[in-house]
Amino acid sequence: MAPRCPRLAGLVLLLLLFAAHVSAGAGLGAPNNDTHADGEETPNHRNHSSVHRKPFPVLSFNYENVRRPFEISLWILLALLMKLGFHIIPRVSNVVPESCLLIFVGLLVGGVIKAIRETAPFLDTKLFFLYLLPPIILDAGYFLPIRPFMENLGTILVFAVVGTLWNAFFIGGVMYGVCRLEGAQLAGVDLLSCLLFGAIVSAVDPVAVLAVFEEIHINELLHILVFGESLLNDAVTVVLYHLFEEFSHVGVVTVADALLGVLCFFVVSCGGILVGAIYGILGAFTSRFTSHSRVIEPLFVFLYSYMAYLSAEVFHLSGIMSLIACGVVMRPYVEANISHKSYTTIKYFLKMWSSVSETLIFIFLGVSTVAGPHAWNWTFVVVTVVLCLVSRVLGVVGLTLVINKFRIVKLSKKDQFIVAYGGLRGAIAFSLGFLLTDNRMKHLFLTAIITVIFFTVFVQGMTIRPLVELLEVKKKKESDGSFNEEIHTQFLDHLLTGIEGVCGHYGHHHWKDKLSRFNKAYVKKWLIAGERSTEPQLLSFYNKMEMKQALMMVESGGAAFRPPLIAANVEPKGPSRRRTNVSRNREKEIRKMLHANMQKNRQRLRSYSRHDLMIDPFEDDNVSEVRFRKQRVEMERRMSHYLTVPAKPPEIPSVRRVAFEPEHRVYTYDDGDRDPAPRSDPSSPDGITLLNESRRRSDPGEEEQLMVLRRLSDPGPK
Amino acid sequence: MGASQARPEQNQYQDLARKTGFSLEQIKNLHKRFRQLSRNEETISRGNLDSVAALANNPIKKQIIEAFFDKRNQRRDEVGSEEEIGFEQFLMVMSHFRPPTLKTTEEEREAMREEKLRFLFNMHDTDSDGTITLAEYRKVVEELLSKSGTMGQEAAKAIADAAMLEVASTNVPHMAPDDFYEGITFEHFQQILKGLEMESRMHIRFLDVDTTTMRCGKSNS
């Protein structure tokens, strides 16, 4: 009974939503019909009431005032409820990626709207480029994994620039050849139009890639290759589009124009990045001073990024690259400056907006498909789809042959296949097509573009998951924020830089090292507030982990604790093994609790989905100041019996620091006795000295200071 | 360096190529570099490596230099350290940094990974007893943070302790009350760094083309 009910409820819900959606869509599509009539009514109404003594309207209905925002909100609400509904029906969502389902819903809604003869809303280009696309790109750019991106930048650029150019010209050229054929009835399509079409349909779309790839969890390298390519090809697309659009009116392209086009490409891409970087630095600099108004910190991030995007669009530079550059430049400095809550807010809002945008985009795509005027030409459409596939495969394979000569870790055949197969087209192609001037060719193009989009999203999107399983492509490894990995990543960096130095050539690592040192010496001082500017990365990582651990501990009721007893076992050998006046049973008990908690923490699955935030203790509502204090008092009471934590010495001024040492030494207590027997044995090895010096520091005089410094911590000796 | 000297060197290179896996071109370039570092002598000492300018800002400079003179990295099952090393030993150490190719099979990759992890392990295990104790690990983290100045000692201890804890809890999850985690053994080390895929990360680009002649005027870098 139980499993059936939610499913049934889900279906009913979906149907209801669907119906509501249709009516909302119909309303949105015909905004102008009633307003006019109503507009005339109201002034009359008011006049009348003063003359003809009408009874005072207790309850009146005035829909027109709120019509537009009401319908927009309803539309968004229903789209999201639809998305919710999919997850109640699990079987479908496992096979079909969400994007397909959303397009399908859009199709149905559009179909119904059309059936009742209303004009359906379509994916307005301005709406798309100015409101729907930026959140997705910002979300992607802000959380872009920098290390793999930079390591593979060469490969990504080659795929993005050369690959897209190849696609555009190949598709355009062959298309033109096909149009010349007698039987195709496409004589009206000239070369430039074909090239324009090629340019529009050749670009890999970041929205579609994100939507599909996030569900299949492939390894980082492939993900960043395809995704990075989809981001960076925007510059190429912008240039080609404008170039061909300009000249399709003139009809002829000279060599000078072509050269100008190349120049334009460099201007567009570098200009976009520059604009983004400037805004990014401004944002980072602003965040340095926000310590007194934490609440508006997230707004700065969003606004600076959006401004970067808009400013780039003003000059017809690449808005996407500008947005990415802004996010990437801003992030390390902003994160060092802002509070945890702001960080969480930013993360949440970005994920939320991008999720909404994505949903809306796909639904609109579906609706627009039904709505738009179509000109179906079998030859054109089929050839387009085939060409897209063929050119993609040829492009990837050909480029990989060249790229592999320069890569150290080569791309295997499996990798190439996934990169080729992951070249999905999406809403950007559609919107660009929509921008074309209205003529018969536009409808022809739009039909073909929509078909390609559908093909890639449905067919490729649905089959990529089983293919990934079949080919046994390496999946994303679930990493748990391991100290050892972090330490060794840093260690490796320095080691490889050093070995390169010994070998005598300035390689990749050398420049990375130089950049990092420049960053530390100059940039961080300007852009990061206070003491954090000199904090080494390992330390930031450590603090983050400690904070996380602390919160997890508090969250799980305070019963479990970082296993200090294991730590005690980790002490160096020798006379320092002072343990156990604590009874054996109690020790066993404690140890069981600790082990259990450690295991629990380790087993938390962290599969990454773009729309799920990582298991972030901060987001838990249980984690509030009041509850902290209560739990801390409780913990202190319990802990003071057998364990205690020496407080971290107050050298570190920043309030974000968690002030406790991880090495919770077991003091030799009897049950009732709270004072630790002083271990004054200066000649003994490490373990004891640590104990001593920490004890020494936390004398009562500094207690107050420590309390202020500690946001969340384990109880100190109280 | 005339043609008369080419023959015996060729044979020597072939031999080295077989042992270490480098190509002949790469060996030639590395030999040039070796001669540069050793000031045209047969062996290099720690002092020679110390004077490399690029290592000056490296926080783990000492460990890197030490690694060259560590007998354990010579794949001969010896322990201890040398005073001076010849070209073959230099090459042996460098061979730990070769990348995998498209043709490397799964087993070869596993072997490569183990070899590289072994190298790292030897770098940490300074007293050659087969385990990385807490003190040694602390030293590692301290060195890493050494160039950052500010709060080196305390923070390093804390970080190293946390890391050790992690190793202990992942590898020996059920420790009896009297158990004592002595130190990270090589198996544990392999286990915790499994996720990093060392064979794809720990490598540098060895040039097939000679760059020293391409850079005019920079003969002692």
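The sequence lines fix the lettering, A, B, ..., with proteins before strands; numbering per chain opens at 1.
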S.K.: Any non-hydrogen side-chain atom of M94(B) less than 4.5 Å from a side-chain atom of V502(A)?
M.R.: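 Side chain of M94(B) against side chain of V502(A), heavy atoms only: contact under 4.5 Å found.
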S.K.: Could you have a look at A160(B), P99(B), A163(B), A67(B) and say which one has the most heavy-atom pairs with chain A under 4.5 angstrom?
M.R.: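 Highest number of heavy-atom pairs under 4.5 Å: A163(B).
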S.K.: Which region of V93(B), side chain (C-beta onward) or backbone (N, CA, C, O), has a non-hydrogen atom less than 4.5 Å from a non-hydrogen atom of chain A, or is it both or neither?
M.R.: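 When you check distances to chain A, no heavy atom of V93(B) falls under 4.5 Å.
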S.K.: Checking I64(B) against H494(A) for the side-chain contact (heavy atoms from CB on, under 4.5 Å) test, could you report, in this order, the C-alpha distance in whole Å, the side-chain angles of both residues, the deciding distance, and whether it holds?
M.R.: CA-CA 9 Å; I64(B) 298 178; H494(A) 291 298; 5.8 Å; no
S.K.: Donor-acceptor pair, N484(A) side chain versus L193(B) backbone, under 3.5 Å?
M.R.: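 No: the side chain of N484(A) does not pair with the backbone of L193(B).
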S.K.: Could you check if a side-chain atom of F189(B) sits within less than 4.5 angstrom of a side-chain atom of H488(A), using non-hydrogen atoms only?
M.R.: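 SC-SC contact between F189(B) and H488(A) confirmed.
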S.K.: Quick one: does R201(B)'s side chain get under 4.5 Å of T489(A)'s, heavy atoms only?
M.R.: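 Of all side-chain heavy-atom pairs linking T489(A) with R201(B), at least one is under 4.5 Å.
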S.K.: Heavy-atom pairs under 4.5 Å with chain B are the metric here; pick the option from S412(A), G498(A), C503(A) that has the most.
M.R.: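 Looking at each option in turn, the highest pair count goes to C503(A).
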S.K.: With side chains defined as the heavy atoms from C-beta onward, is the minimum distance between Q63(B) and L495(A) less than 4.5 Å?
M.R.: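 No, every pair of side-chain atoms sits at 4.5 Å or beyond.
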S.K.: Which bit of N404(A) is near chain B, if near means a heavy-atom gap under 4.5 Å: side chain, backbone, both or neither?
M.R.: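 Side chain only.
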S.K.: Check the surroundings of atom NZ in K414(A): do more than 12 heavy atoms from other residues, nucleotides or ligands lie under 6.0 Å from it?
M.R.: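 Yes, NZ of K414(A) has more than 12 neighbouring heavy atoms, counting only those of other groups under 6.0 Å.
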S.K.: Which heavy atom in I487(A) sits nearest to a heavy atom in Y137(B), and how many Å separate them?
M.R.: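 Minimum heavy-atom contact is CD1-OH, 4.1 Å.
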S.K.: Identify which part of I499(A) has an atom lying under 4.5 Å from any heavy atom of chain B, answering side chain, backbone, both or neither.
M.R.: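 Both parts, backbone and side chain.
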S.K.: Who pairs with F69(B) by ring pair (Phe, Tyr, Trp, His ring centres under 6.0 Å), at least two apart in sequence or on another chain?
M.R.: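 For F69(B) there are no ring pair (Phe, Tyr, Trp, His ring centres under 6.0 Å) partners, ignoring immediate neighbours.
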S.K.: List the residues meeting side chain to side chain contact (heavy atoms under 4.5 Å, CB included) with S45(B), not counting sequence neighbours, and say none if there are none.
M.R.: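 Per chain and number, S45(B) pairs via side chain to side chain contact (heavy atoms under 4.5 Å, CB included) with N48(B), E84(B).
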S.K.: Tell me, side chain or backbone of L196(B) under 4.5 Å from chain A's heavy atoms, or both, or neither?
M.R.: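 L196(B) touches chain A through backbone and side-chain heavy atoms alike.
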S.K.: Take a 6.0 Å sphere around CD of E108(B) and say whether it holds more than 12 heavy atoms from other residues, nucleotides or ligands.
M.R.: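 Result for CD/E108(B): enclosed.
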S.K.: Side chain, backbone, both or neither: which part of L55(B) has a non-hydrogen atom closer than 4.5 Å to chain A?
M.R.: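 For L55(B), the side chain is the part near chain A, not the backbone.
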S.K.: What option among L49(B), I65(B), N57(B), L30(B) has the most heavy-atom pairs under 4.5 Å with chain A?
M.R.: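 The option with the most such pairs is N57(B).
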S.K.: Enumerate the residue pairs fulfilling salt bridge (Lys or Arg N to Asp or Glu O under 4.0 Å) with a member in residues 44-55 of chain B, sequence neighbours excluded, ordered by first and then second residue.
M.R.: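 Matches after skipping sequence neighbours: R46(B)-E66(B), R46(B)-E83(B), D50(B)-K61(B).
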S.K.: Suppose a student defines contact as a heavy atom less than 4.5 Å from any heavy atom of chain A. Which residues in residues 118-127 of chain B would they list?
M.R.: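 Only F119(B), L120(B), M123(B), H124(B) of residues 118-127 of chain B have a heavy atom under 4.5 Å from chain A.
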